[in-house]
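These notes are about the structure you will find just below.
Every chain is numbered from 1 and lettered A, B, ... according to where its sequence line falls, protein lines coming before strand lines.
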Amino acid sequence: MAARYGVPDRLRRGLGPFAATDDDPRGGVEFTVLLRIARLTLRYPWQVLIAVGTTVIAAFFQLMIPQFLGDAVDHAHGFLAGGAEADARAALLTAAGFLLGASALRGLFTMLHNYFGDSVGHCIANRLRMDFYRQLQRLSFSFFDRVHTGELIARGMLDLEGVRMFFNTALVRLVLLATLIGTGSYLLISADLVLGLLSLSFVPFVAWRSSVARLKLRWMWLLLQDRMAMLTQVMEENLGGIRVVRAFAAQPHEMRKFDESSLKALALAYDRVGIRVRNTTVMTFAYFVAMGLVLWVGGLRVIGGEITVGTLAEFLAFMTILQMPVRQLGMMVNAFARASICGGRFFEVLDLEPRVRDRPGAEELVIRNGVLRFEDVDFAFTEDDGAHKALSGISFEARPGQTIGIVGPPGSGKSTIAHLIPRFYDVTGGRITIDGHDIRAVTLASLRRAVGVVQQDSFLFTASIENNVAYGDPWAVDERIARANRDAQLHEYVGRLPMGYQTLVGERGVSLSGGQRQRLSIARSIMLEPAILVFDDSTAAIDAATEQRIRASIKDLAAKRVTIVISHRLSSLMHADEILFIEEGRIVERGRHDELIAAGGRYKDLYDLQILPGEDTGIRFADAGGDKPTEGA
Amino acid sequence: MASLDATKTAPAPGERPPRAVVGSQISHFEEEMFGRAFDGRVIRRFLTFLRPHRAAMAVAIACVLVFTATQVSIPLLIRSAIDHALLGESQDSALLHVLALGFAAVIAVNYAANFGQEMIVGRIAERVLIALRRGMFEHLQHVSLSFMDRTEVGRLMSRLQGDVNAMQEFLETSVFAIGDFVLLVGIVVVLLILDFDLGLLTLSVVPVLLVVRIVWLPRAREAFLRARETNSIANGALAESIHGVRTVQGMIRERVNYDLYDDLAGNNLRAHLRATKFAQVMVPIVDLLTGSAMAIVVVVGGAMVLDDALDLGVMVAFLFYVQRFFDPIRSLTMQYRVMQRAMASGHRAFEVMDVPLEVDDKPDAVSLETREGSIEFRDVTFGYVPGQPVLKNVSFRVAPGETVALVGPTGSGKTSTISLVHRFYEIWDGQVIVSGHDVRDVTQASLGHMVSMVLQEPFLFTGTVFENIRYSTTQATREDVERAARAVGAHDFIVKLADGYETELDQRGGNLSLGQRQLVSFARAIVADAPILVLDEATANIDSYSEMLIQNALATLLKGRTGMVIAHRLATVRNADRIIVLQDGEIIETGTHTELLARGGLYAHLYSLNYASFDDIPDALIRKAASQAAIAT
Ligand SMILES: Nc1ncnc2c1ncn2[C@@H]1O[C@H](COP(=O)(O)OP(=O)(O)OP(=O)(O)O)[C@@H](O)[C@H]1O
Ligand SMILES: Nc1ncnc2c1ncn2[C@@H]1O[C@H](COP(=O)(O)OP(=O)(O)OP(=O)(O)O)[C@@H](O)[C@H]1O
Ligand SMILES: [Mg+2]
Ligand SMILES: [Mg+2]
């Protein structure tokens, strides 16, 4: 199978111990996975017990039905052969009563076994769902950088479904089949050895086919999930980037991409249908062959007078009972295959240890002064290319009330510095301290409570403006929300909206302008009043007049905390206590605005480009800035 | 930060915050939004998708009929064997051999027909699903952006994947359902032929079943719908948390979200358990009725046998048929949930295809063939929400070869203006004319090739850097791509990436810095090589020095092209041929750099003040200039 379909590298790499190899779609962990699901079911011992118990009971009642049928036939026949009529009628009535009772009880217990079987599945699914959710909220940024969200969503929904179905459609059904066939075999073989063996002759064949199909189906599920994920990705990105698609009139291009992935998925789906159909039809055929043999050989024995017609009818009735389970056998095999693959994909995520996590015995960070220090910090996104560091040798110190400005060309590492402070990533060299504590020695929650980062590309939730602003503290009182909005210069705009703070912002904030989105994300960070505030280029789409007002209104806030401002607009930085000019992950210039201007380096070049419009007007930027509020000093 | 805690009211354990939700808040809009245009004839719509497979369907139906015929004839063979070969005066082993051969022939045909029906239907099902998904996806490529703005990608994806998959389950098993139904009819006919009175009596239990179903159906449907709904709500919340995970972690919302999600998952669990109850309650009822029917056959049929009014073989056949008769009913009951889901899903799928195309090519739309780009707005009024115009009577013209800058405070309508050039939205009043044609009179595809855009939010696709820059311009060569990358200053960083131009980008280009993403999306617009280039804050996240290099490089590359540029930084726009100043959706000033200087209006004020960017002017000044402009006109 691996050779036939070509296993994508992605699957060989996997996320953890479950990567595909040439021989096995999941590195030989099938039974580990199934065992783990089975162990999960044991958390609901009573339900499991009832489900399995009722399954067995239902099977017994079902097995009784052929006997009663056989009895009835025999009684009717016995009379023909010369028995007493009254006895025959009474016996028929009894047989009918038993038939009715057995059927009703069988129905009752089938209901119970299905209900409890399904409940166990749902309960497990619910637990796993919560575990998955918790795990996703715990995993580090580096994980989410690597794994497509569509993939994770597919695991959280489709693969979970595969695990959920395992108990009822695979395990319980196995119990049912085993009971039916096991007890049935005992009854039949003790009734008549030859006919008994004949009627069960299809079982070994079916078992062999199932085990062959299982491996094939496991490959199928693995590849199919993967191709569906690719298709999902194509569609999701198309819809997410719909403006780009429209702007470039790229619909034909996108349809081509869609068709390509979709046809790949189709080819596989065809194969899957083929495997399934070949399998189920041949199983049904084997079953019918056994039935034919029973009829033929049994008939001869009736003629020979060795058995009664009733016994033959009983055997045939028993076989009729097996018809449905045999038809469902294919589904059961499929459920096993699916559960082992889906479970693997699911547990793979659950078992990951986040790269960034609390050390054992980590303490709460208690802010005393709030001094932030970078000490010779190095950072690389991937461990293997240490040569290509995103940051190297970054050192600076900021005390409460101070502002650090950061400038530099695209990709120089500014955002990376911002991401290291709340430990979105861990430094690969040097250390970052707050009040002298290494940030890796304190709990993540307390650290992140102390650090607020206004991200460069902020994510807004599909909720009301109010809920978005209160995201970090949904218990916040109204005044705090209003104050944060006022400080972020958003309050006035919201006031003009017909629904005010209850206005929905659309997905990722589509119904806001670029500047409005940025102000909203500023508002939600400053509302939390963290000890360290980082603005990562968060005013690029805001006009400087508004920005200036924002700065003025958070002046009080800034006076008590460390502020880090990353910006390309020098007017936002010029009052900083220290400005760092970053290039290729290193600090190449540092100092106050006037020092850097005097030094005449790269900062001065930027300054000239922004301030001197080519012609000389004689007025310097610094003069114009005179009436500006100076923060931090 | 003592003040921080003072304002916070500590939550009681288990209490849910007042302003927090997980998952989207626009669920109730969904029905409203899709519901209107839908015609409700799911089945009929569905058949149109089957039409291309008419021939194969005919074969499949033939197979189903043959298959059912063989199914029905198996008990008949058994009956003949019992009545004619085993009982009666002369036990006839020769006849038994013939019947056994007949049995063999029947099961061989049964196998072939079974194989045929399942294979054909299975494959058609896959094809239909692909066609259906493709139809939905293609339609979404053309629906208006105002629809897309209001609709979440996740919701569309759940229709494209979830609902289509729900139909898959149905279609795959539909062959059983059809077969079951035909079998049902076949059995009824055979029963009545075998013995009309006994047949009628046996079938008398069926009306009871119908009554039970009538009571059961509405409640069950309600329970199933509820289960589906809670499921999609929980999945929506999961998806949102994955998308926004960086914000969730940055703002330590994990706990709150976990609790809220727990509520949703709990609702989902309860709804599912309830739905399972409803699904299972039918099982014992059906079994009870099966038992009754068998009891009737045994008592009445047995009596008839005793009275010599019925052959024993017929009674046996009846017993087999009764058992088989309820199998389809049982599985149709099980299928009901699948079927009901498929119908609802089909409904949701067709709804997507029925979303009206608000922005559509006219039947006589012409294709824009000229290479000469010009843009003209005539009294354009436009808004997103009725009654709230965002642009008011905007008129301007950009001549071929000219570059015009659009400046104004955040939220003033700049991005909205340029979306109209591309006819992303339909205007309320006035006219937008591109290269001499009203945008409503030309094909959208040709308009797309006329205008290329750098959007305010850079969106990149998963794939290599090269594929992203080339995007839909598939004829672009490696040289074209490199030249564009060089022009925007992206070449240098691209070649430093691990695999240069072949580096795989993560989702949305996450492994690039925002500025780098902006450069790539800029390069993409240049490769598209359109006569009109629109830049919406294309360099907002890029430092002034890099920006200057870009401008110099672009000067030659874009010679003779028409341009519109939006920027907050004055330095970015001062080389434009003309500058339009927008405020609150109105043009307050327009002219060339020198004209505006000479006029002594707002722009001149800005310029002489020599601020770093347009918006560094205090509010009072804007107001003063606006009133001056108003007086001047
Ligand atoms: N899709 C939308 N649905 C509803 N309202 C919208 C939508 N897009 C923009 N708006 C509103 O229209 C107004 C103008 O927005 P637009 O994006 O054109 O501003 P802009 O001038 O580009 O601002 P910025 O400089 O902040 O990007 C804003 O008030 C915004 O909230
Ligand atoms: N998730 C990631 N995985 C791998 N590399 C990354 C990742 N994020 C960023 N990089 C790389 O690290 C370098 C620094 O990126 P960073 O985002 O810090 O730049 P920046 O200075 O913020 O740039 P900008 O001004 O464009 O925002 C860039 O070369 C970028 O390509
Ligand atoms: Mg950045
Ligand atoms: Mg904009």
I need the residue from [options] with the largest number of non-hydrogen atom pairs under 4.5 Å to chain A.
options                                    : result
Gly266(B), Pro284(B), Gly448(B)            : Pro284(B)
Glu254(B), Gln456(B), Arg253(B)            : Arg253(B)
Leu512(B), Leu99(B), Thr290(B), Leu140(B)  : Leu140(B)
Phe493(B), Phe424(B), Tyr384(B)            : Phe424(B)
Leu455(B), Val153(B), Val248(B)            : Val153(B)
Thr247(B), Leu288(B), Thr474(B), Val316(B) : Thr247(B)

For this session: Hey, can you tell me if Tyr471(B) and His253(A) have their rings parallel, tilted or perpendicular (30° and 60° cut-offs)?
Result: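 Perpendicular: the ring planes of Tyr471(B) and His253(A) meet at over 60°.
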Contacting region of [X] [heavy-atom separation from chain A under 4.5 Å]:
X         : answer
His243(B) : both
Leu319(B) : side chain
Ala104(B) : neither
Met148(B) : side chain
Thr415(B) : neither
Gln518(B) : neither
Met453(B) : both
Asn257(B) : both
Leu447(B) : neither
Ile542(B) : both
Ile285(B) : neither
Asn541(B) : both

Side-chain heavy atoms of [X] within contact of [Y], under 4.5 Å:
X         : Y         : result
Thr462(B) : Asp506(B) : no
Arg129(A) : Tyr133(A) : no
Asp287(B) : Met111(A) : no
Leu238(B) : Leu152(A) : no
Asp149(B) : Ser511(A) : no

Between [X] and [Y], does any side-chain N to carboxylate O distance fall below 4.0 Å?
X         : Y         : result
Arg569(A) : Glu547(A) : yes
Asp457(A) : Arg508(B) : no
Asp259(A) : Arg134(B) : yes

For this session: Examine whether an atom of Glu236(A) lies under 4.5 Å from a heavy atom of chain B, and if so say whether it belongs to the side chain, the backbone or both; otherwise answer neither.
Result: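 Both parts, heavy atoms under 4.5 Å.
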For this session: Please state whether the side chain, the backbone, both or neither of Phe424(A) comes within less than 4.5 Å of a heavy atom of chain B.
Result: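 For Phe424(A), the side chain is the part near chain B, not the backbone.
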Any idea which of [options] has the most non-hydrogen atom pairs under 4.5 angstrom with chain B?
options                                    : value
Arg138(A), Met291(A), Gln516(A), Arg524(A) : Arg524(A)
Phe461(A), Phe258(A), Phe132(A)            : Phe258(A)
Val309(A), Thr280(A), Asn238(A), Leu139(A) : Asn238(A)
Ser513(A), Gly274(A), Gly411(A), Gly515(A) : Gly411(A)
Asp145(A), Thr284(A), Ile65(A)             : Asp145(A)

Problem set entry | Residues in side chain to side chain contact (heavy atoms under 4.5 Å, CB included) contact with Thr281(A), at least two apart in sequence or another chain |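 So Thr281(A) forms a side chain to side chain contact (heavy atoms under 4.5 Å, CB included) with Val277(A), Tyr111(B), Asn114(B), Phe115(B).
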For this session: Please test Tyr261(B) against Arg134(A) for side chain to side chain donor-acceptor pair (under 3.5 Å), starting from the C-alpha separation and ending with a verdict.
Result: CA-CA 10 Å; Tyr261(B) 187 72; Arg134(A) 188 207 312 269; over 6 Å; no
